[in-house]
Amino acid sequence: MNKKMIGTLALCAILSSSMTAVAVKAVDASDTKNVNEKTEATAYSAPSAAQPVDLTYAAEQATNSVVFIKVTTNSKTQEVEYFNPFSDSPFSDFFGDFFGNRGQQRRQIETPKRQGSGSGVILSADGYIVTNNHVVGEADEILVKLNDNREFKGRIIGTDKDTDLAVIKIEAENLTPIDIASSDDLKVGEWVLAIGNPYGLTSTVTAGIVSAKARSLNASNSIESFIQTDAAINPGNSGGALVNARGQLVGINAMLYSQTGSYSGYGFAIPTSIMNKVVKDIRDFGFVQRALLGISGTDVSTYIDMQKEKGKDVDLGTVKGIYVNDVTADGAADEGGIQSGDVIISIDGKSVEKFGQLQEAIVSHRPGDKVKVTYLRDKKQHTTTLTLRNAQGTTSQLESVDTDALGASLRALTEQEKKETGLKYGILVSNIRRGKMMEAGISKGIIITQVNDVPMRTVEDFENAVKAANMSTDRVLWIRAKTQSGLNRSFTVELADPKEKK
C-alpha cells in the first residue's frame, strides 16, 4: 500500500471522527435527555460490530490437516506434428526432397522439466491424502510437507479427471486427519475458511462466506457442482481445505474465476458429498465406479430463456428443475420411462433445481443402485424408480484393467529398431504370458502401432488407451500391428468379462 493510499485512508478516518464531534457539540443542552435516549435505543437495536463467529477455533482445528504438495514432471521426448512451409511453393520438389516429406511431418522434441505446487488434506492417520487431479495427475515425483515441516515422498493411489480429485499416500503414522462434515448441510451465507499454500506460502488461512452452491462453470470437469465462496483462493490453494466455522471439511478448493490468474472475488470448491464417494471408490477399486442416469439436460430456467430468445413462450408447470433434452437409448432413464421434454424435479425426495444438484445427487451412487425420480410431463407429476448403470450400460461394478492384467510387457521402439523396421513409431511386445493379449493371438516381438485408431508411441499411450476403452461402451481394444518382418496384423482384445450382463 503506497503512502498516498495510507494518507487517504487516515484522512477519511479523521473526517469521520470530526463530523461526529461537531454533531454532538451542536446539540442544545435541553435536548441532552432526548439524545441520550435515542443513543441508547440505537445502541440496543444496532447489530454488533464484533465478528459473528470465532474463526480462530476453525483455523486451529484444521490447519495441521492441510499439507503442502510439491510435484515434479520430468523432461520427456515427444513427437509433434509440424508443417513443411515449402510444401506448396514452386520449389516444393527440391525442398521437399531436401527436408523430407512435404506437408504435415513429425519430429521429436524434449519437453523441459517442470515443477509445481498445491495443497492436500489428510484423511487418515496412516497417510491417505486427498487433493486435485490437476495438482498430481501428471507428476513423476511427489513431495509432501506437513504443517510441522516433516517431508515425505507421495505416491498416487488413483485419480479422477471428471471430478478433478485424486488420492495420494505417504508412509507415515499418527497424522492428524481432518474432521469431515456433510456439504449438504452447508448454508449460503455461512462463514468458511480456505486453508492451503497459495504461491508457496504454507499454511495460509483466508475467510469468507458461502456465496452459492451447486455452481456449474462449464469448465474442463464433466461433473460440476461447486461450492462458491468469496474466501480468497489463489494458485497453490488447489487441493486445500474449505472448512466451516467448526473446522470441519466441507469442500476441496479447486478453482478460481479470474481474468488475471489471481483471486478476484470468486473461488470454487468440490463439496464433500462428491469427494467422499470418489475417495472411497479410488481406495476400494483404484478408480471411480460412476453411475449414470442416462440423460442430457439443462436447467429449466436456462431452457425457458433460450426459448424466449427464439420468440417462444414456454409453460412447463415449473421454473425450477432439469429439462430433459435427450435420453440415452437403453439407459436407466429410458428403461424407467423418462422422455425428452420431461422435467426432473427431485431425486429420492430431494428437490433438484439446477443441473449441478442433479449431478451431485447421482455421483454419490454406484452402478446397480436404485433412485426414485420425480418428474413433470405435461405439467403432471410422475414418480419412477430407476436402476443406475455404468458407461457400458450394465449394472455391475467395473474392475481396473492394466497392461499387467493383459499379460504383456511393452516398451517403445528404439531409434535403431525404427530404422530397421521402417516405422516412425510403435511399441514392442517384449514379453507375453497367459492373459487377454495372448488369447487374442498376440505374441512376443509384435509391434503395436495403433489402438482404437490412436497412434502408439509410448507405453503411456497404450495405458491411456486401455483406460479409455475400459470406460467405454464396447470395452474392446482394436489393435493394429506389424511383425518385425513387416507383415500387417490386427487383433481384437476383449476387456469385458463374458459373465457381465446388462
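Checking side-chain atoms of Asn464 against main-chain N and O of Glu460 turns up a donor-acceptor pair under 3.5 Å. Looking at Ser364, its side chain does come within 3.5 Å of a backbone N or O of Ala361 through a donor-acceptor pair. Without hydrogens or angle criteria, Ser273 side chain to Asp184 main chain gives no donor-acceptor distance under 3.5 Å. A donor-acceptor contact shorter than 3.5 Å is absent between the side chain of Thr449 and the backbone of Gly426. Put simply, the side chain of Asn452 gets close to the backbone of Trp478: a donor and an acceptor are under 3.5 Å apart. Using a distance-only test at 3.5 Å, with no hydrogens or angles considered, no donor-acceptor pair links the side chain of Thr131 to the main chain of Ala166. Remark: side-chain polar atoms of Gln450 are not paired, donor with acceptor, to backbone N or O of Arg480 under 3.5 angstrom. Using modelled atom types, one side-chain atom of Asp140 and one backbone atom of Asn74 make a donor-acceptor pair closer than 3.5 Å. With hydrogens and angles ignored, the 3.5 Å screen pairs a side-chain donor or acceptor of Asn253 with a backbone N or O of Ala241. Using modelled atom types, one side-chain atom of Gln359 and one backbone atom of Glu224 make a donor-acceptor pair closer than 3.5 Å.
Taking all atoms of both residues into account, the shortest heavy-atom contact from Glu417 to Leu428 is OE2-CD2, 4.1 Å. Residues Gly297 and Phe355 come closest through the heavy atom pair O-CE1, 3.7 Å. In terms of heavy-atom proximity, Leu292 sits nearest to Ala332 at O-CB, 3.9 Å. Nearest heavy atoms, Ile322 versus Lys354: CD1-C, 3.2 Å. Pairing each heavy atom of Tyr425 with each of Met456, the nearest pair is CD1-O, 3.5 Å. Between Ala207 and Trp191 the shortest heavy-atom distance is CB-CZ3, 4.3 Å.
Note that Arg215 lies outside the cation-pi zone of Phe268, set by a 6.0 Å cut-off to the ring centre and a 45° limit from the axis.
Inspection of the Lys372 and Thr385 side chains reveals no N or O donor paired with an N or O acceptor under 3.5 Å. Ser301 and Asp299 form no side-chain donor-acceptor contact under 3.5 Å, judged by distance and modelled atom types alone. With hydrogens and angles left out, the side-chain atoms of Ser430 and Ser409 include no donor and acceptor closer than 3.5 Å. Defined by atom type and a distance below 3.5 Å, a donor-acceptor pair is missing between the side-chain atoms of Asp230 and Ser211. Residues Ser119 and Asn197 have side chains that bring a donor and an acceptor to within less than 3.5 angstrom of each other.
Under the 4.0 Å criterion applied to side-chain N and carboxylate O atoms, Glu415 and Lys418 are assigned as salt-bridge partners. The existence of a salt bridge linking Lys153 and Glu141 is excluded, since no basic side-chain nitrogen approaches an acidic carboxylate oxygen closer than 4.0 Å. Comment: Glu360 does not engage Lys350 in a salt bridge, judged by the lack of any side-chain N to carboxylate O separation of less than 4.0 angstrom.
Within the 4.5 Å cutoff, side-chain heavy atoms of Ile347 are placed close to those of Val373. Between Met275 and Ile180, the closest side-chain pair of non-hydrogen atoms falls below 4.5 Å. Put simply, the side chain of Val454 does not reach to within 4.5 Å of the side chain of Asp461, judged on heavy atoms. The shortest distance between side-chain heavy atoms of Gln228 and Tyr266 falls below 4.5 Å. Using a 4.5 Å heavy-atom threshold, the side chains of Asp162 and Val288 count as separate. Residues His365 and Asp348 have side chains in contact (heavy-atom distance under 4.5 Å, counting atoms from C-beta outward). With contacts defined as side-chain heavy-atom distances shorter than 4.5 Å, the pair Gln115/Lys70 qualifies. Counting heavy atoms from C-beta outward, Thr206 and Ile233 have side chains that stay 4.5 Å or more apart.
A distance of 9.0 Å separates CG in Leu293 from OG1 in Thr328, rounded to the nearest 0.5 Å. Atom-to-atom distance recorded for Phe226:CZ and Leu242:CG is 12.5 Å, nearest 0.5 angstrom. Annotation: the span from Lys187 atom NZ to Asn244 atom CG amounts to 13.0 Å, rounded to 0.5 Å. How far CG of Asn132 is from OG1 of Thr159: 11.5 Å, rounded to the nearest 0.5 Å. If you take CD1 on Ile274 and OG on Ser183, they are separated by 7.5 Å, rounding to the nearest 0.5 Å. Distance check, rounded to the nearest 0.5 Å: OG of Ser346 to CG of Leu358 gives 10.5 Å.
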Practice prompt. List the steps, then state whether side-chain hydrogen bond (donor to acceptor under 3.5 Å, both in side chains) holds for Thr63 with Asn147.
Written response: CA-CA 7 Å; Thr63 300; Asn147 195 44; 5.8 Å; no

Ile122/Val67 under side chain to side chain contact (heavy atoms under 4.5 Å, CB included): CA gap, chis, key distance, verdict
CA-CA 7 Å; Ile122 299 172; Val67 303; 3.7 Å; yes

Applying side chain to side chain contact (heavy atoms under 4.5 Å, CB included), run through Val493 and Ile442 and close with a yes or a no.
-> CA-CA 9 Å; Val493 178; Ile442 297 173; 4.2 Å; yes

Carefully, step by step, assess Asn149 and Thr202 under the rule side chain to side chain contact (heavy atoms under 4.5 Å, CB included). CA-CA 10 Å; Asn149 292 324; Thr202 57; 5.9 Å; no

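The only member of Asp281, Asp160, Asn390 that meets side-chain hydrogen bond (donor to acceptor under 3.5 Å, both in side chains) when paired with Arg290 is Asp160. The side-chain contact (heavy atoms from CB on, under 4.5 Å) test with Ile129 is passed by exactly one of Val121, Ile157, Val144, Val136: Val144.
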